[in-house]
Amino acid sequence: MKVYKINDHIMKYRFGSPFETHSVVMQGELTDKGKIHRLQVQWEETLKINYKMDKEDIIWGLGESQRGMNKRGGIYEAYCSDDPRHTPDKKSLYGAHNFIIIDGLEFFGLYIDFPGKIIFDIGFTHKDLLQIEIEGKDADIYIIKGTKLYEISRNFLELIGESYVPPKWAFGYQQSRWDYLDARAVEEIAEAFEKHEIPCDAIYLDIDYMENFKDFTIDEKKFPQFKQFVKKLREKGLRLIPIIDAGVKIEAGYGVYEEGVEKGYFCIDAEGKPFVAAVWPGRVHFPDFLNPAARKWFGLKYKVLTDYGIEGFWNDMNEPAIFYTERGLQQAIHQAKRSENENLDIYSFFALKDAFINLSNHPQDYQSFYHQVEGKRINHHQVHNLYGYNMTKAAAEGLQAIDPDKRFLLFSRASYIGMHRYAGIWTGDNHSWWEHILLNLKMMPSLNLCGFLYVGADTGGFSGDTNAQMLIRWMQLSLFAPLFRNHSAMGTRKQEPFAFDEESMAIMRRMIQLRYEFIPYIYAEYMKAVFHKGLYFAPLAFAYEDKLSKRVEDQLLVGESLMITPIYQENAVGRTVWLPEEMLLCLFGPGEKLQYSVKFQGHHYIGADLDVVPVFLRKNKLFPIGSYGKNIEALDHTVLRFIGFVEDQASYHYYDDDGITYRYKEGIYDEIAIFVEKKSDDYAIHVKKKGSPKVKKLLFDLIDRRGRILEKTILLV
Ligand code: MIG
């Protein structure tokens with residue numbers, strides 16, 4: 001083992017010679033200070049880490065995974081998986097995010113940089129034992145210290161580097177469905193948004209826009225004159241976001257396939273031939289995204305679409321998902337033939353059934369292909385978790401080369417820490433289940449902790465049928481998520497806002513309008529999280545250290561000022577909430593007029609009919625709100641309203657920038673520093689601007705502990 005000091009808070013312990021994942025951006029210096037204190041490490045066939053947890057210890061982290069924000073009690077597997085049923089027993093989802101914080105008697109973060117499989121048994125087998133088994137001998141282990149949860153997360157986020165920043169329009173509402181089969185269908189959706197006056201920024205293109213599911217092609221029959229089509233929608237204020245799949249179709253005459261074979265850019269099998277798997281288009285090859293040349297080649301292919309005017313992409317099936325391989329298929333067919341004249345009993349029947357069910361994403365298939373890295377052949381299974389990450393890195397680098405100053409929308413399904421610097425993620429194929437609203441809520445802060453800030457779930461649920469009420473309640477959570485997208489699967493009930501009755505649609509319209517009204521806050525808080533290595537979504541424990549707050553699993557802090565308490569039970573007209581301190585309850589509903597009430601610390605039952613979003617404003621904080629518009633570009637922020645709950649003094653940093661370039665990196669952005677001080681019966685307000693903010697007038701609704709509202713206006717000159 002080699003020990004490196006990264007900085008005053010972070011130590012790295014290197015076992016063997018790990019595969020370079022590029023997940024961290026800090027190197028550190030070799031020191032001779034030995035042993036990982038606090039952890040028991042066994043280095044044999046595999047690397048094992050054991051830790052005896054205290055009774056009260058809470059374990060945060062693991063990004064995209066099942067169960068609670070507190071991971072204790074569960075067993076998890078870091079192995080990017082395409083599993084379309086996210087039931088609570090599932091050990092892995094699409095991402096591998098190996099960062100946890102141990103919060104209790106001892107207090108530290110633990111990051112395991114290892115590209116293969118890891119089992120995190122967090123008090124599952126034995127309630128007090130944290131047992132981590134790394135399937136290999138070569139790994140980097142980081143210990144991250146801090147005296148507060150926020151410090152540990154900040155130190156970790158510094159270690160892994162600045163998170164991806166999408167264009168500002170990507171904070172608008174986005175409509176998707178795996179069912180918009182041709183240009184006409186897309187146009188109908190666009191027209192419906194216009195007709196019903198529902199704001200929207202983007203419409204998604206799922207696999208059907210491609211010609212026979214071939215990446216970087218357009219089906220000209222279904223989408224004739226694509227360039228004009230993109231332009232036409234753009235004129236309506238909408239962007240089109242096409243999907244890109246990891247598998248490249250094997251088809252003579254298809255350029256991407258032929259070039260890939262010729263240049264040796266695909267993963268290979270044991271004999272050195274391009275590895276064959278089957279996904280959408282039938283047989284495909286997988287680009288070898290660990291090979292920099294292949295990455296560059298694939299990344300530049302996105303130009304085919306950017307040349308049509310496309311400004312955003314979602315990368316799918318990049319775990320990579322495998323429907324079947326020839327090996328598995330032959331085996332299953334063989335088994336079926338053998339069973340033909342048999343009297344199938346419980347064992348033989350299930351064996352037959354399983355032979356087909358287990359065809360997809362079979363472990364043996366992941367072990368039977370190879371990457372070529374710096375002249376070495378590496379079995380895919382050992383670096384499995386880097387695949388989607390590097391596909392997305394390829395895309396990000398390609399897009400950067402295509403248009404260096406332009407921010408593109410980019411998010412991926414599979415991921416590994418490090419990818420957060422290049423793109424966001426969506427949380428994959430969830431269901432229209434009430435339980436998944438809650439799962440979505442719990443996952444958001446865990447993802448932020450692992451660097452992924454641009455995140456969101458398929459609002460309304462991907463699989464299964466939603467109803468209007470579920471979609472509305474889900475929107476009430478998603479309207480705070482950086483990625484607010486409604487997406488659903490083919491064959492399920494339609495779930496665009498106008499697919500329901502008038503009354504429900506009106507509520508959904510209002511929810512989406514609220515999203516646009518909150519943009520000044522959402523965008524500022526997102527960008528500040530990026531710059532200051534903070535969390536956009538955080539568990540209450542990150543701001544309140546009392547015992548009760550640490551255990552709250554169904555409320556979230558959003559940015560520095562807000563706490564949200566979404567409703568996730570069918571037919572509920574309110575819920576119980578825990579207030580760690582006195583807060584201001586703001587009820588956002590159908591009308592313009594807001595209802596405020598001051599709530600004391602403690603448990604409360606809060607009424608919230610279906611058309612009402614309860615939002616809590618923390619004490620001595622401000623919440624900027626604008627007016628809505630038909631899309632992000634149409635927002636008029638010359639007037640902003642600041643709601644303040646001020647006991648003695650409050651400050652807020654409002655941030656904005658051009659929303660489309662990286663000029664903010666050179667310090668070109670707008671800022672308004674606001675400081676409010678309570679003076680017996682009045683308030684003194686100071687504002688200071690930087691840059692040239694569009695805001696000219698600031699309206700204040702200042703509320704004190706007794707619930708008295710004072711309105712003030714400040715002109716910004
Ligand atoms: O397994 O492209 O998660 O969002 O609609 C289905 C079709 C393949 C999975 C994605 C989903 C997308 C779907 N894809």
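Values reported hereafter were calculated over all heavy atoms of this structure, with side chains retained and with hydrogens, waters and symmetry mates removed.
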Let's go through R413 and N315 carefully: what are the C-alpha distance in whole Å and the side-chain angles of both, what is the deciding distance for side chain to side chain contact (heavy atoms under 4.5 Å, CB included) to 0.1 Å, and is it a yes or a no? CA-CA 6 Å; R413 197 171 70 176; N315 285 345; over 6 Å; no
Spacing of OG belonging to S176 relative to CG belonging to D458, to within rounding of 0.5 Å: 7.0 Å
Y76 six-ring centre to K91 NZ/CZ under 6.0 Å and within 45° of normal: no
Is there a side-chain contact between F408 and P167, using heavy atoms and a 4.5 Å cut-off? no
Cation over ring, K117 on Y79, under 6.0 Å and within 45°? yes
Carefully, step by step, assess T427 and Y94 under the rule side-chain hydrogen bond (donor to acceptor under 3.5 Å, both in side chains). CA-CA 8 Å; T427 58; Y94 312 90; over 6 Å; no
Rounded distance (nearest 0.5 Å) linking atom OG of S368 with atom CG of N379: 8.0 Å
Quick one: does Y111's side chain get under 4.5 Å of I417's, heavy atoms only? yes
Mind checking whether L93 and H86 have side chains closer than 4.5 Å, heavy atoms only? yes
Can you list the steps and then say if H380 with F369 is a ring pair (Phe, Tyr, Trp, His ring centres under 6.0 Å)? CA-CA 6 Å; H380 172 77; F369 67 95; 4.3 Å; yes
Please confirm whether K137 makes a cation-pi placement over W43, using NZ or CZ under 6.0 Å from the six-membered ring centre and within 45° of the ring normal. yes
Flag this pair as yes if the NZ/CZ of R485 is under 6.0 angstrom from the six-membered ring centre of W426 and inside a 45 degree cone about the axis; otherwise no. yes
For Y669 and Y655, I'd like to know if the aromatic rings sit close, meaning centre-to-centre distance below 6.0 Å. yes
Is it the case that the ring center of Y664 lies less than 6.0 angstrom away from the ring center of F531? yes
Once rounded to the nearest 0.5 Å, what's the spacing between atom CG of D113 and atom CZ of R14? 8.5 Å
For F124 and K71, what are the C-alpha separation, side-chain angles and deciding distance, and is it a side chain to side chain contact (heavy atoms under 4.5 Å, CB included)? CA-CA 10 Å; F124 177 80; K71 291 290 173 241; over 6 Å; no
Determine whether the aromatic ring centres of Y416 and H97 lie less than 6.0 Å apart. no
Residues at least two apart in sequence or cross-chain that pass side-chain hydrogen bond (donor to acceptor under 3.5 Å, both in side chains) with Y454, listed by chain then number, are Q174
Quick one: do N70 and W60 satisfy side-chain hydrogen bond (donor to acceptor under 3.5 Å, both in side chains)? Show the steps, please. CA-CA 5 Å; N70 180 353; W60 307 98; over 6 Å; no
To the nearest 0.5 Å, atom CD1 of I244 lies from atom CE of M210 at 6.0 Å
Are K214 and P281 close enough that some pair of their side-chain heavy atoms sits under 4.5 Å apart? no
Report yes if some heavy atom in the side chain of I102 is under 4.5 Å from a heavy atom in the side chain of F107; otherwise report no. no
Does the ring centre of F266 sit less than 6.0 Å away from the ring centre of F289? no
Establish, yes or no, whether the cationic atom of K145 lies under 6.0 Å from the six-membered ring centre of F108 and within 45° of the ring axis. no
Flag side-chain contact, heavy atom, 4.5 Å: Y254 against D215: yes
Would a line drawn from the ring center of Y265 to the ring center of F298 be shorter than 6.0 Å? no
Does the side chain to side chain contact (heavy atoms under 4.5 Å, CB included) test come out yes or no for E311 and T306, once each step is laid out? CA-CA 6 Å; E311 299 171 79; T306 58; over 6 Å; no
Is the distance between the ring centroids of H9 and Y142 under 6.0 Å? no
Taking the six-membered ring for Trp, are H285 and F275 ring centroids under 6.0 Å apart? no
Step by step, work out the side-chain hydrogen bond (donor to acceptor under 3.5 Å, both in side chains) result for E135 and T46. CA-CA 5 Å; E135 202 191 75; T46 61; over 6 Å; no
Does any part of the side chain of I425, heavy atoms only, come nearer than 4.5 Å to the side chain of L447, both counted from C-beta? yes
Centroid separation under 6.0 Å, is that true for the rings of F171 and Y523? yes
Give the intermediate values and the outcome of side-chain hydrogen bond (donor to acceptor under 3.5 Å, both in side chains) for residues H371 and D288. CA-CA 6 Å; H371 298 271; D288 185 353; 2.7 Å; yes
The side-chain hydrogen bond (donor to acceptor under 3.5 Å, both in side chains) partners of S92 (sequence neighbours excluded) come to S81
Kindly compute the distance separating CG (D365) from NE2 (H381), expressed to the nearest 0.5 Å. 12.5 Å
Side chains of Y389 and H420: does their closest heavy-atom pair fall under 4.5 Å? no
I would like to know whether F323 and W280 meet ring pair (Phe, Tyr, Trp, His ring centres under 6.0 Å); could you show each step before the answer? CA-CA 8 Å; F323 286 178; W280 293 117; 5.0 Å; yes
